[in-house]
Peer 1: 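Quick one: the structure is below, and I'll ask about it shortly.
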Amino acid sequence: MKTTFEVNPLFKIYKSLFDYHHDACFALNLEGNFIMFNDAAVKLTGYSKEEALQMSFMPLVENHAIDGVFQLFERIVQGNHESFSTTIQTKQGKDVTIFCSTIPIVMDDNRVLAIVGTARNTLSSHDDLTGMPNRQQFEEKVTIAINLYKKPQGKLLGMMYLDLDRFRLINEHLGYHIGDKLLTRVSQRINSCIRNNDVAARQGSDEFLILLNNVSRQEISLIAKRISNTFVKPFMIEGHEIFITPSIGISLYPPDADNADDLIRKADIAMDQAKKEGRNNAQFYHLKLEKKISDRLEIENELRKAIEKNEFILHYQPIIDLGKNEITGVEALIRWENPFRGKVPPDKFIPIAEETGMIIPIGEMVLKKACMQMKQWQDSGLFLSTISVNISIRQFYQPNLVPMISQIINETAIDPKSLTIEITESMTMDVEKASKILHDLKGLGVNISIDDFGTGYSSLSYLKKFPIDYLKIDRSFINDIAKNKDDENIATTILLMAQNLGLSVIAEGVETNDQLGILRENRCDEAQGFLFSKPLAEDEMKQLLSPSRQ
């Protein structure tokens, strides 16, 4: 027989709100038996709806809390609203702390017909995705470990802060569901590398925390190496072969910090240093890193002001046609002249600009200055076939990249054929998206060059899909081309492949005649480097290009 409130026409509306509420919702009769139970309540308690509708709330209540909860129930039956926190035990035996809010359903004659309530987990102790302890639970375990620490001879507590390198690219190009599956597999590999008395937790996103109990510095280094080694094998997820590496920061108790929060913070600082050291490595925290963090924040603040004050200038490195032995192009390189710091090297501020997104306005500024300068040189009768401008991965995937470049071409009245856009090989990981962007760029009439070729991730077979004009052999292969046979083989293979694909090749970082000789022998088209010229300021470049010097 249906209850009175079920007959009410509004019941269907209320029931719909009840069933789809994100909190656990339930209704009890006056005997304390469940008469309604939504999906969120099933998830919270572990009992199915069918099971719940055959039982009272009492099996959920822990023994020590029965008296208090029963007294609350009695007050609600008498018509009182009650909100309270308690601990319940799920069907699986897991303790869950909840906040519960209940109201009596009162009829016109003041009779209480039933009780309706909501419950929310207030202290979920584990990460839903990986099953690892979450940050709060982890910090509690660290605090306990610190309190129990007995200073055994030569032993410490180790804190690892692990971050996955370039994980954002996985989410962006393969999808978040692939990213989630990858995180689950990563958590399994991490757990396989640590001991039974250690604790690993998910900090959030692609970051993990690991507490190592009673270890020496040497043992910590070995565990860090073990973790790194387990990432050598690729992850196979839904047909995707995914290579990913970890950057690991390490702090120690007691020398580095005396509480969980500071241990984690200092391990995070060390992890950031591991990123700066080229990723895929482990770094121990030391005091000098705090100074580096402070300097970084200062540079970030000054960089924002530099954009407003237009403190950036361009230098230009000549590109030499090896067949004609003459300058045919230049690469535009950004320089920052700060009134207090003087000339700030690009490797000091470009990574910060990338991380903060400031590379977007800076990149647009560089592109406009380069096009204006190229137009000015050409109008002055100075011959140059092209000016090359690098764009970062963040610029490459910005939605308005092609319209922005088109607008600059129109505003500066530069011939599009005089502009070369340089991207790095790693930007082409998402082949379909990269191909679309490159074809749109090519539609503007500009040239496309792949910089640092040989160091990235793209398959050579994909080169045929891209509208590329130039490949630039990375300087790391040119450095020892005259001394190292492997480097020479790599460089000559790239040259042969490019020739077969009808692409021009530019060698970067040429510094010796021996290097140049090998490049000429293998029909390299163009080259740049200190053997020919360092990057030059505008007036120096103009002098080099003047007709009297041709």
Side-chain angles (χ1 to χ4, degrees), residues 127-130 161-187 189-190 202-208 231 233-247 268 271-272 274-276 278-280 350-364 367 389-405 421-443 448-453 455-463 465-468:
D127 173 56
D128 289 338
L129 181 64
T130 64
Y161 198 117
L162 184 151
D163 180 89
L164 300 178
D165 301 325
R166 306 183 192 280
F167 178 76
R168 180 172 57 87
L169 294 177
I170 305 297
N171 277 340
E172 289 180 355
H173 304 313
L174 298 181
Y176 284 89
H177 73 289
I178 297 291
D180 284 350
K181 288 187 176 183
L182 176 61
L183 290 172
T184 301
R185 303 277 186 86
V186 165
S187 70
R189 290 198 190 180
I190 290 173
R202 185 180 175 209
Q203 154 75 357
S205 184
D206 60 331
E207 298 172 333
F208 297 84
F231 281 82
K233 183 181 177 182
F235 294 84
M236 293 300 301
I237 300 175
E238 294 188 8
H240 297 283
E241 186 179 45
I242 301 173
F243 288 90
I244 198 159
T245 55
S247 292
D268 186 11
M271 184 275 293
D272 191 57
K275 292 280 190 185
K276 291 181 173 65
R279 300 182 174 90
N280 193 24
I350 292 296
I352 297 173
E354 286 275 8
E355 291 172 25
T356 59
M358 286 187 276
I359 196 67
I360 300 295
I362 291 173
E364 185 172 347
L367 189 63
V389 179
N390 293 281
I391 62 172
S392 71
I393 189 167
R394 197 153 185 171
Q395 292 172 273
F396 186 66
Y397 286 107
Q398 65 176 309
N400 69 330
L401 174 70
V402 177
M404 180 267 288
I405 293 177
I421 300 296
E422 289 194 7
I423 66 169
T424 59
E425 189 180 358
S426 58
M427 294 183 200
T428 63
M429 182 186 293
D430 185 337
V431 176
E432 298 305 319
K433 195 168 185 179
S435 181
K436 171 71 167 58
I437 295 170
L438 291 174
H439 277 94
D440 287 346
L441 285 172
K442 196 64 183 170
I448 306 291
S449 174
I450 293 190
D451 196 9
D452 300 336
F453 189 78
T455 63
Y457 306 96
S458 69
S459 167
L460 297 182
S461 63
Y462 292 139
L463 288 177
K465 293 187 176 183
F466 299 143
I468 300 166

Peer 1: Looking only at heavy atoms, which two atoms of Val186 and Phe231 are closest? And how far apart?
Peer 2: CG1-CZ, 3.8 Å
Peer 1: Would you mind reporting whether Ile450 and Thr424 have side-chain heavy atoms less than 4.5 Å apart?
Peer 2: no
Peer 1: Distance check, rounded to the nearest 0.5 Å: Phe235 atom CZ versus Leu183 atom CG?
Peer 2: 9.5 Å
Peer 1: Under the side-chain contact (heavy atoms from CB on, under 4.5 Å) test, which residues partner Pro361, sequence neighbours left out?
Peer 2: Ile307
Peer 1: Sequence neighbours excluded, which residues qualify as side chain to side chain donor-acceptor pair (under 3.5 Å) partners of His240?
Peer 2: none
Peer 1: Look up atom CG in Asp163 and atom CD in Gln203, then write down how far apart they are to the nearest 0.5 Å.
Peer 2: 10.0 Å
Peer 1: How many angstroms lie between CD1 in Ile448 and CG in Leu438, if you round to the nearest 0.5 Å?
Peer 2: 5.5 Å
Peer 1: So, using side-chain contact (heavy atoms from CB on, under 4.5 Å) as the criterion, who are the partners of Phe243 when residues are at least two apart?
Peer 2: Pro234, Glu241
Peer 1: Excluding sequence neighbours, so at least two apart, what forms salt bridge (charged side-chain N to carboxylate O under 4.0 Å, His left out) with Asp206?
Peer 2: none
Peer 1: If you round to the nearest 0.5 Å, how far is CD1 of Ile242 from CD1 of Ile237?
Peer 2: 4.5 Å
Peer 1: According to side chain to side chain donor-acceptor pair (under 3.5 Å), who are the partners of Glu238, at least two apart in sequence or on a separate chain?
Peer 2: His177, Lys181
Peer 1: How close do Ile437 and Val402 get, heavy atom to heavy atom, and via which atoms?
Peer 2: O-CG2, 4.3 Å
Peer 1: Would you compute the distance between atom OG1 of Thr130 and atom CZ of Arg185 and round it to the nearest 0.5 angstrom?
Peer 2: 14.0 Å
Peer 1: Just jot down the side chain to side chain donor-acceptor pair (under 3.5 Å) partners of Glu364, sequence neighbours excluded, or say none.
Peer 2: none
Peer 1: Can you give me the closest heavy-atom contact between Tyr397 and Ala434, atom names plus distance?
Peer 2: OH-CB, 4.1 Å
Peer 1: Between CZ of Phe208 and CD1 of Ile190, what distance do you get to the nearest 0.5 Å?
Peer 2: 4.5 Å
Peer 1: Strictly by salt bridge (Lys or Arg N to Asp or Glu O under 4.0 Å), give each pair with a member in residues 168-178 just once, sequence neighbours left out.
Peer 2: Arg168-Glu172
Peer 1: Check salt bridge (charged side-chain N to carboxylate O under 4.0 Å, His left out) between Asp440 and all other residues, then give those that pass, not counting sequence neighbours.
Peer 2: Lys436
Peer 1: Identify, with sequence neighbours excluded, every residue that meets side chain to side chain donor-acceptor pair (under 3.5 Å) alongside Thr245.
Peer 2: Asp165
Peer 1: So, do Asn280 and Pro246 sit near enough that their side-chain heavy atoms are less than 4.5 Å apart?
Peer 2: yes
Peer 1: Only counting residues at least two apart or in another chain, list the ones meeting side-chain contact (heavy atoms from CB on, under 4.5 Å) with Asp268.
Peer 2: Tyr161, Met271
Peer 1: Which residues pass the side-chain contact (heavy atoms from CB on, under 4.5 Å) test with Ser392, sequence neighbours left out?
Peer 2: Glu354, Ile359, Arg394, Gln395
Peer 1: Would you check if Ile391 and Leu367 make a side-chain contact, meaning some heavy-atom pair closer than 4.5 Å?
Peer 2: no
